[in-house]
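Chain naming here is simple, since letters A, B, ... match the order of the sequence lines and numbering starts at 1 in each.
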There are 2 protein chains.
Amino acid sequence: MSDEPSTTSRDKILKAATGIAQAHGYGGLNLRTLAEQVGIKAASLYYHFPSKADLAAAVAQRYAKDSAATLAALATDAGDPAACLLRYPETFRRSLANSNRICLCSFMAAEYDDLPAAVQDAVQVFADQNVAWLETVLQAAGALPEQAQRRARAIFAAVSGAQLMARGKADIALFDNLIGTYRALGLLAP
Amino acid sequence: MSDEPSTTSRDKILKAATGIAQAHGYGGLNLRTLAEQVGIKAASLYYHFPSKADLAAAVAQRYAKDSAATLAALATDAGDPAACLLRYPETFRRSLANSNRICLCSFMAAEYDDLPAAVQDAVQVFADQNVAWLETVLQAAGALPEQAQRRARAIFAAVSGAQLMARGKADIALFDNLIGTYRALGLLAP
DNA sequence: ACCTGAACACCGTTCAAGT
DNA sequence: ACCTGAACACCGTTCAAGT
């Protein structure tokens with residue numbers, strides 16, 4: 001009765017804003033367009049959030065939180081560490097499959113210098129979480145701690161780059177091809 | 001007498017616009033700011049270029065052309081193919097060293113869906129040129145044609161991703177670290 | 001040939017006013 | 001409690017007018 005995911009206005013705004021930001025970035029997040037998608041006027045958004053910066057911070061924080069949950073679920077679901085590593089790129093693939101969108105935080109990494117501080121922080125959290133998750137998995141798979149960190153960062157960077165390149169070509173097969181090459185090289189393993 | 005690089009107004013505009021776009025993207029390229037940097041009014045930009053879209057297309061085309069020249073020079077300078085591959089990330093590093101800017105086309109790959117068609121084309125040309133250069137070098141280094149293409153794409157994607165991640169942390173040492181990991185993996189070799 | 005001020009429609013934002 | 005219209009300063013763009 002209380003844990004129902006009753007979609008509040010705030011939630012609707014956050015969800016719509018996330019989709020727009022994954023396709024157009026922070027700069028491309030237009031409040032009049034967003035409001036229209038939610039069915040209210042732009043001025044009404046200011047009842048829910050004090051500014052675009054705060055709205056975007058909430059979006060990025062929620063995105064980072066969801067991503068942490070997805071990674072935790074993947075760890076449980078995949079079972080062994082090797083499977084986790086092989087399946088890690090799935091999340092990134094899903095964005096591309098969803099109207100050629102990309103990871104919110106990849107877009108925002110490009111826009112980094114123009115981002116409000118709170119949004120920058122959330123982008124950092126997202127990246128750090130991903131690297132930490134990979135690091136844990138790599139160590140569980142037998143990597144030495146120091147190597148695990150280097151490798152974790154390399155995986156995150158390489159997969160992000162593959163997603164960006166695939167978006168530029170609007171070609172999800174290219175993403176799969178790149179991930180396949182990474183695998184063949186042994187990048188997605190300890 | 002005639003080949004002097006006499007800096008025309010058009011050139012000054014293109015150079016300033018390139019720097020802005022590498023830091024803020026196409027969307028973040030503000031014509032009033034750009035005009036101020038050049039020492040004219042925003043309206044005057046329209047004497048040199050019919051629109052922001054055309055200006056950005058000229059910027060991206062010039063960027064792709066310069067990049068091709070830089071790669072050609074690297075090939076001559078480095079000598080053997082193995083050295084070319086090791087030094088390939090240098091160009092990307094230079095952008096980061098230049099006020100944490102990134103490759104124009106990485107930023108624009110993120111913004112891809114919001115780009116005017118002529119700008120999209122130039123972004124494609126840039127990526128294709130890089131992959132083709134890498135492919136040639138990889139084959140010269142002994143890779144089989146089919147493997148060379150896959151590998152060339154993987155290098156381009158991975159290095160782009162490293163640049164993006166390093167920008168997000170404003171940490172050029174992270175870029176070097178990532179490239180080092182790629183090298184250790186054998187990514188930057190045939 | 002090159003530049004400009006004034007004007008237009010659009011965007012983030014505010015605010016007084018509605019229910 | 002939640003929403004809105006009207007207004008502000010800013011942006012891309014146009015254009016008639018300046019030199």
_Residue whose nearest DNA chain D nucleotide is more 5′ - R32(A) or Y26(B)_ = R32(A)

*Under a criterion of less than 4.0 angstrom to any heavy atom of chain B, what are the 5'-terminal and 3'-terminal contacting nucleotides of DNA chain D?*
dC11(D) to dC15(D)

*Heavy-atom contacts under 4.0 Å between residues 41-48 of chain A and DNA chain D, which residues?*
K41(A), A43(A), S44(A), Y47(A), H48(A)

*Residues of residues 16-23 of chain A with any non-hydrogen atom less than 4.0 angstrom from an atom of DNA chain D: list those, numerically ordered, please.*
none

*Applying salt bridge (charged side-chain N to carboxylate O under 4.0 Å, His left out), which residue pairs with at least one partner in residues 116-131 of chain B are found, sequence neighbours left out?*
K169(A)-D128(B)

_Residue pairs involving residues 20-29 of chain B (criterion side chain to side chain donor-acceptor pair (under 3.5 Å); sequence neighbours excluded)_ = D114(A)-H24(B)

*Scan for side chain to side chain donor-acceptor pair (under 3.5 Å) pairs involving residues 51-62 of chain B, sequence neighbours excluded, and state none if there are none.*
S51(B)-D54(B)

*Heavy-atom closest pair, residues P89(B) and L188(B)*: CG-CD1, 4.1 Å

*Give the minimum heavy-atom separation between R93(A) and I172(A), together with the two atoms involved.*
NH1-CD1, 3.6 Å

*To the nearest 0.5 Å, tell me how far L164(B) CG sits from F92(B) CZ.*
11.5 Å

*Quick one: pull up OG1 in T70(A) and CG in D77(A) and give me the separation to the nearest 0.5 Å.*
11.5 Å

Can you list, pair by pair, the side-chain donor-acceptor contacts under 3.5 Å of residues 133-145 of chain B, counting residues two or more places apart and other chains?
residue : atom : partner : partner atom : Å
W133(B) : NE1  : L71(B)  : O            : 3.0
T136(B) : OG1  : A132(B) : O            : 3.0

*With heavy atoms under 4.0 Å as the rule, sort L55(A) into base, sugar-phosphate or nothing.*
nothing

*Only counting residues at least two apart or in another chain, list the ones meeting salt bridge (charged side-chain N to carboxylate O under 4.0 Å, His left out) with E90(A).*
R87(A)

*Look at atom CD of Q37(A) and say whether more than 12 heavy atoms of other residues, nucleotides or ligands are closer to it than 6.0 Å.*
yes

*Would you please name every residue forming a side chain to side chain contact (heavy atoms under 4.5 Å, CB included) with V38(B), sequence neighbours left out?*
K12(B), I13(B), A16(B), L34(B), I40(B)

*Considering residues at least two apart in sequence or located in another chain, which fulfil the side chain to side chain contact (heavy atoms under 4.5 Å, CB included) criterion with A158(A)?*
Y182(A), L187(A), A158(B), Y182(B)

*Tell me, what's DNA chain D's dot-bracket, Watson-Crick or G-U with both distances under 3.5 Å, | for other-strand, [ ] crossing?*
||.|||||...|||||.||

*Just jot down the ring pair (Phe, Tyr, Trp, His ring centres under 6.0 Å) partners of F175(B), sequence neighbours excluded, or say none.*
none

